[in-house]
Amino acid sequence: QVQLVESGGGLVEAGGSLRLSCAASGGIVSRYVVAWFREEPWKEREFVASIKWSGGDTYYSDFAKGRFTISRDNAKNTVSLQMNSLKPEDTAVYYCAARGATGTTIKVARNDYISWGQGTQVTVSS
């Protein structure tokens, strides 16, 4: 089972940018779909974006389209989330997650993912 470690969170002003990274190890990463989720206090953890490691197919939630970009670096076994035009409502703990790349159905539910990182805090000030 793959292990995931996030980095890159921090404090940024509204309109600014941050780049999160997720380092994967301990598994054959090409067999996985890697996703980013986020969780605000007292709210459900919600899907942000995902990428299929083999082939690079991506999928975004509506709020992420046009502002966030998910990508992978095969040489470094990392998945990044570039976040631009950040808003205060983007403030959350961001988690990296992975699941086996079986089937073609896009999966956005928390329970579909088997490996999780520890999370990284993103705070956007107004």
Side-chain angles (χ1 to χ4, degrees):
Q1 187 165 315
V2 68
Q3 289 83 49
L4 305 170
V5 178
E6 304 97 334
S7 61
L11 174 65
V12 65
E13 292 185 351
S17 299
L18 277 177
R19 186 177 182 87
L20 306 182
S21 291
C22 174
S25 64
I28 303 175
V29 293
S30 62
R31 296 180 178 177
Y32 288 90
V33 171
V34 178
W36 286 94
F37 285 73
R38 68 185 189 183
E39 185 173 333
E40 301 169 69
W42 307 292
K43 293 187 178 180
E44 291 288 324
R45 191 170 297 187
E46 65 177 345
F47 174 87
V48 178
S50 66
I51 186 166
K52 189 174 183 180
W53 205 289
S54 177
D57 296 340
T58 58
Y59 182 77
Y60 296 89
S61 61
D62 286 343
F63 67 78
K65 289 178 183 176
R67 297 192 300 130
F68 296 1
T69 303
I70 190 170
S71 61
R72 74 198 190 296
D73 184 325
N74 290 332
K76 296 181 180 180
N77 277 1
T78 58
V79 170
S80 296
L81 184 69
Q82 177 67 42
M83 303 187 294
N84 300 326
S85 302
L86 283 163
K87 306 173 182 179
E89 51 264 43
D90 293 318
T91 295
V93 177
Y94 283 71
Y95 295 90
C96 180
R99 64 173 180 85
T102 55
T104 58
T105 304
I106 302 297
K107 296 184 184 295
V108 301
R110 175 179 182 173
N111 291 340
D112 289 322
Y113 289 80
I114 58 172
S115 297
W116 291 85
Q118 80 286 356
T120 185
Q121 176 70 46
V122 170
T123 303
V124 184
S125 63
S126 57

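These figures come from a predicted structure and were not determined experimentally.
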- Taking atom CG of N74 and atom CH2 of W53, what is their separation to the nearest 0.5 Å? 6.5 Å
- Item | Cluster link L81 to V122, ILVMFWY, side chain under 4.5 Å | yes
- Query: Roughly how far apart are M83 CE and T69 OG1, rounded to 0.5 Å?
  - Reply: 11.0 Å
- Query: So, does R67 use its side chain to make a donor-acceptor pair with the main chain of S85 at under 3.5 Å?
  - Reply: yes
- Note on the structure: side-chain hydrogen bond (donor to acceptor under 3.5 Å, both in side chains) with Y94: of E39, Q121, R38, E6, only one passes, and it is R38
- Message: If hydrophobic clusters are built from ILVMFWY residues whose side chains come within less than 4.5 Å, do W116 and I70 share one?
- Response: no
- Task: Please test V108 against F37 for side-chain contact (heavy atoms from CB on, under 4.5 Å), starting from the C-alpha separation and ending with a verdict.
- Result: CA-CA 9 Å; V108 301; F37 285 73; 5.7 Å; no
- Note on the structure: CZ (R45) and CG (N111) are apart, to the nearest 0.5 Å, by 10.5 Å
- Query: What is the distance from atom CZ of F68 to atom OG of S80, rounded to the nearest 0.5 Å?
  - Reply: 14.0 Å
- What's the spacing between Q3 CD and S115 OG if we round to 0.5 Å? 7.0 Å
- Message: Could you check whether any side-chain heavy atom of Y95 comes within less than 4.5 Å of a side-chain heavy atom of L4, counting everything from C-beta outward?
- Response: no
- Output the distance between atom OH (Y59) and atom NZ (K52), rounded to the nearest 0.5 Å. 15.5 Å
- Exercise: identify the closest heavy-atom pair between V34 and C96: CG1-SG, 3.6 Å
- Kindly state each residue pair satisfying disulfide bond (SG atoms under 2.5 Å apart) with at least one member in residues 56-86, sequence neighbours excluded. none
- Query: Are D62 and K65 within salt-bridge range, i.e. N to O under 4.0 Å?
  - Reply: yes
- Query: Mind checking whether S30 and R72 have side chains closer than 4.5 Å, heavy atoms only?
  - Reply: no
